[in-house]
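This one's a predicted model, so the numbers in the text were calculated from it and none came from an experiment.
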Amino acid sequence: QRRPDYTCFAPCANSAYLFLLPLLTGAGVEAATTSVVAHLPFLMQLEFMLWMPYNLIAFSHLPLHLRPATSALLSALFTVSIATVA
């Protein structure tokens with residue numbers, strides 16, 4: 001189940017990413033905070049729209065031997081999409 005992941009881990013991980021990326025590029029704390037406030041709602045919506053349907057399909061219809069590859073592909077797509085958001 002991804003519910004605890006989406007409600008507990010994802011907001012923390014996404015907030016940390018959005019906060020640390022500006023700091024690592026030389027921006028200040030104010031710019032990092034603005035990044036979190038501006039982009040976190042969209043990023044959480046994207047995560048929900050991408051992972052919830054995938055998990056429903058993967059755990060009910062997708063054969064076990066295909067799950068790692070499809071999860072890796074979807075993770076790569078999600079990583080590219082969050083890189084374009086921030």
Side-chain angles (χ1 to χ4, degrees):
Q1 299 260 354
R2 290 217 20 122
R3 193 174 312 152
D5 186 24
Y6 181 76
T7 57
C8 298
F9 177 74
C12 296
N14 291 336
S15 295
Y17 173 80
L18 291 171
F19 187 79
L20 292 174
L21 187 64
L23 292 179
L24 293 172
T25 59
V29 172
E30 185 175 332
T33 304
T34 302
S35 174
V36 173
V37 171
H39 299 297
L40 186 62
F42 173 76
L43 191 56
M44 292 303 297
Q45 183 180 16
L46 177 66
E47 182 158 337
F48 183 80
M49 291 184 331
L50 187 70
W51 288 108
M52 286 298 192
Y54 169 75
N55 284 327
L56 289 173
I57 293 168
F59 289 102
S60 61
H61 301 296
L62 198 61
L64 185 59
H65 69 279
L66 293 177
R67 288 184 201 162
T70 56
S71 292
L73 177 64
L74 208 56
S75 293
L77 292 173
F78 183 71
T79 300
V80 168
S81 62
I82 64 171
T84 60
V85 168

(message) When you group the ILVMFWY residues by side-chain heavy-atom contacts below 4.5 Å and let the links chain together, are Met44 and Val37 in the same group?
(response) no
(message) Tell me the closest heavy-atom pair linking Ser15 and Val36, and the distance in Å.
(response) O-CG2, 3.7 Å
(message) Counting C-beta onward and ignoring hydrogens, is there a side-chain heavy-atom pair between Leu46 and Ser81 closer than 4.5 Å?
(response) yes
(request) Verify the cluster assignment for Leu56 and Phe48: are they in a single hydrophobic cluster under the rule of side-chain heavy atoms below 4.5 Å apart? (result) no
(message) Please determine whether residues Val80 and Leu73 belong to a single hydrophobic cluster, defined as Ile, Leu, Val, Met, Phe, Trp and Tyr linked transitively by side-chain heavy-atom distances below 4.5 Å.
(response) no
(message) Grouping I, L, V, M, F, W and Y whenever their side-chain heavy atoms are under 4.5 Å apart, do Met49 and Phe78 come out in a common cluster?
(response) no
(request) Write down the atom of Trp51, the atom of Ser71, and the distance for their closest heavy-atom approach. (result) CH2-O, 3.9 Å
(request) First locate atom CG of Leu24, then atom OH of Tyr17, and finally report the distance between them rounded to the nearest 0.5 Å. (result) 10.0 Å
(message) Less than 4.5 Å apart, side chain to side chain, heavy atoms only: is that true for Phe42 and Ile82?
(response) no
(message) Using 0.5 Å steps for rounding, measure from the CZ atom of Arg67 to the CD1 atom of Ile57.
(response) 12.0 Å
(message) If you compare all heavy atoms of Thr7 against all heavy atoms of Pro11, which two are closest, and at what distance to 0.1 Å?
(response) O-CG, 3.7 Å
(request) State the OH-OG1 distance between Tyr54 and Thr70, to the nearest 0.5 angstrom. (result) 2.5 Å
(message) Nearest 0.5 angstrom please: Leu23 CG to Thr25 OG1, how far?
(response) 7.5 Å
(message) With rounding to the nearest 0.5 angstrom, report the CG to NE2 distance, Leu66 to His61.
(response) 14.0 Å
(message) Just verifying a value: how many Å separate Thr33 OG1 and Leu18 CG, rounded to the nearest 0.5 Å?
(response) 11.0 Å
(request) Mind listing the closest non-hydrogen atom pair of Cys8 and Cys12 along with its distance? (result) O-SG, 3.3 Å
